[in-house]
Amino acid sequence: MTINTANVVTEQLTAAGRAIEHDSFAIIDAEAGPHAAYSDEQWFIVRRMIHANADFEFNGLTEFHPDAISAGLAAILRGGTAIVADVEMICVGLSATRLAHFGLFTHQFISDADVIVQAKAEATTRAVQAMRKAHRLGLLDNAIIGIGNAPTALIEIVRLIREEDLRPALVIGMPVGFVSAAESKALLAQIDDVPWIGIRGRKGGSTLVVAAIHALLGIAESRQRNAA
């Protein structure tokens, strides 16, 4: 794996931190077993997801739309792209320095007062109303959407794609849980005309969305460096 070896912005800030992270990746590569189903860039993302929670089952559970990598990188490299998350944890987990380098901006509305009021009025979840608010604000088209906590948010995104012609740049759908989590990701996997990255089954979480986005940022920096 050669991606990221000369990166600066998307690397750890200290030599000690970089050494620990690179050693961790080397251990993952040694212990993960076969992963020929993934391209080098896809494995770069899966490996970082494994690094985030030490679960080797993501080697196999992680799935990619054929255009996921190219679409995600294009959205990052054009700058000004919105990253819309289902929960604040994703926004907080993303490196502000790395986002600023690419001119990316995060948004989440899960705790907004109007979202809560509307969720109660319509007997839906806050996550559903948060996605609808983002759509009303014009933030979802051409955005990177990251969902790591709320299956209902992902189900709503799939509905918006199918019924309201929503066209995000990339959907990273990885909600964790026991109610509708696996089903929501199965729905995402049926989408052909919008790129996505997902996980089969119940496993997932906001840390995995953060890991996937950070991996994409690392690949994007490598592209920038190679083009210079």
Practice problem: Given side-chain contact (heavy atoms from CB on, under 4.5 Å), test Arg78 with Asn142 step by step and report yes or no. | Solution: CA-CA 11 Å; Arg78 72 169 173 256; Asn142 301 310; 3.5 Å; yes
Practice problem: Report yes if some heavy atom in the side chain of Ile27 is under 4.5 Å from a heavy atom in the side chain of Phe25; otherwise report no. | Solution: no
Self-check item: Pairwise distance CD(Gln12) to CD1(Ile20) - rounded to 0.5 angstrom
Solution: 8.5 Å
Quiz prompt | Between Thr124 and Gln129: side-chain donor-acceptor atoms closer than 3.5 Å | solution = yes
Quiz item: What pair of heavy atoms forms the shortest contact from Ala220 to Leu77, and how long is it?
Solution: O-CD2, 3.7 Å
Quiz item: Is there side-chain contact between Ser95 and His214, with heavy atoms separated by less than 4.5 Å?
Solution: yes
Practice problem: Would you check if Val209 and Met89 make a side-chain contact, meaning some heavy-atom pair closer than 4.5 Å? | Solution: no
Quiz item: Any side-chain heavy-atom pair from Thr106 and Ile90 closer than 4.5 angstrom?
Solution: no
Quiz item: Taking atom CD of Glu88 as the centre, does the number of heavy atoms from other residues, nucleotides or ligands within less than 6.0 Å exceed 12?
Solution: no
Quiz item: Which pair of non-hydrogen atoms, one from His65 and one from Asp192, has the smallest distance, and what is that distance?
Solution: NE2-O, 2.7 Å
Self-check item: Pair Trp43, Asn59: side-chain N/O donor-acceptor within cut-off below 3.5 Å
Solution: no
Quiz item: Which heavy-atom pair separates Gly93 from Val210 by the least distance, and what is that distance?
Solution: O-CG1, 3.6 Å
Quiz prompt | Non-hydrogen side-chain atoms of Phe44 and Tyr38 separated by less than 4.5 Å | solution = no
Quiz prompt | Any donor-acceptor pair under 3.5 Å from Lys185 side chain to Lys203 backbone | solution = yes
Quiz item: Quick one: do the Arg162 and Gln190 side chains pair a donor with an acceptor below 3.5 Å?
Solution: yes
Self-check item: Inter-residue atom distance Ile50.CD1 - Glu31.CD, 0.5 Å rounding
Solution: 10.5 Å
Quiz item: Does Ser222 reach the side chain of Asn7, with side-chain heavy atoms less than 4.5 Å apart?
Solution: yes
Quiz item: Is it true that the side chains of Ser70 and Asp67 contain a donor and an acceptor less than 3.5 Å apart?
Solution: no
Quiz item: Phe105 versus Ile83: any side-chain heavy-atom pair under 4.5 Å?
Solution: no
Quiz item: Which heavy-atom pair separates Arg47 from Asp29 by the least distance, and what is that distance?
Solution: NH1-OD2, 2.7 Å
Exercise. Measure the CD-CD1 distance between Gln42 and Ile69 for me, rounded to the nearest 0.5 Å.
Key: 5.5 Å
Self-check item: Sub-4.5 Å side-chain heavy-atom contact between Leu73 and Arg223
Solution: yes
Quiz item: Do you see a donor-acceptor pair shorter than 3.5 Å between the side chains of Gln224 and His101?
Solution: yes
Quiz item: Atom OG in Ser24, atom NE2 in His51: separation rounded to 0.5 Å?
Solution: 4.0 Å
Exercise. Search all heavy atoms of Ala68 against all heavy atoms of Pro195 and return the closest pair with its distance.
Key: CA-CB, 3.8 Å
Practice problem: Check Asn53 against Phe58 and note the closest heavy-atom contact, atom names and distance. | Solution: ND2-CE1, 3.1 Å
Quiz item: Any salt bridge between Glu57 and Arg200, counting N to O under 4.0 Å?
Solution: no
Quiz item: Roughly how far apart are Leu216 CG and Ile45 CD1, rounded to 0.5 Å?
Solution: 4.0 Å
Self-check item: Reported CD1-to-CD1 distance for the pair Ile213 and Ile172, which is rounded to 0.5 angstrom
Solution: 4.5 Å
Self-check item: Hydrophobic cluster (4.5 angstrom, side-chain heavy atoms) - remaining members for Leu154
Solution: Val84, Phe109, Val115, Met131, Leu137, Leu139, Leu140, Ile145, Ile147, Ile155, Ile157, Val158, Leu160, Ile161, Leu166, Val171, Leu187, Leu188, Ile191, Val194, Trp196
Quiz item: Passes side-chain contact (heavy atoms from CB on, under 4.5 Å), Leu99 versus Leu217? Steps please.
Solution: CA-CA 8 Å; Leu99 294 177; Leu217 296 177; 4.3 Å; yes
Quiz item: Is Asp193 salt-bridged to Arg167, going by a charged N under 4.0 Å from an acidic O?
Solution: yes
Quiz item: With distance as the sole test, does Asp86 use its side chain to make a donor-acceptor pair with the main-chain N or O of Ala150 at under 3.5 Å?
Solution: yes
Quiz prompt | Check against salt bridge (Lys or Arg N to Asp or Glu O under 4.0 Å), Glu164 and Arg159 | solution = CA-CA 7 Å; Glu164 300 190 24; Arg159 186 194 70 79; 3.2 Å; yes
Quiz item: Are any side-chain N or O atoms of Glu221 and backbone N or O atoms of Thr10, one a donor and one an acceptor, separated by less than 3.5 Å?
Solution: yes
Exercise. Find out whether the Lys NZ or Arg CZ of Arg202 is both under 6.0 angstrom from the six-membered ring centre of Phe178 and within 45° of the ring's axis.
Key: no
Quiz item: Yes or no on side-chain contact (heavy atoms from CB on, under 4.5 Å) for Arg126 and Lys133, after CA distance, side-chain angles and deciding distance?
Solution: CA-CA 10 Å; Arg126 290 184 296 145; Lys133 179 174 181 176; over 6 Å; no
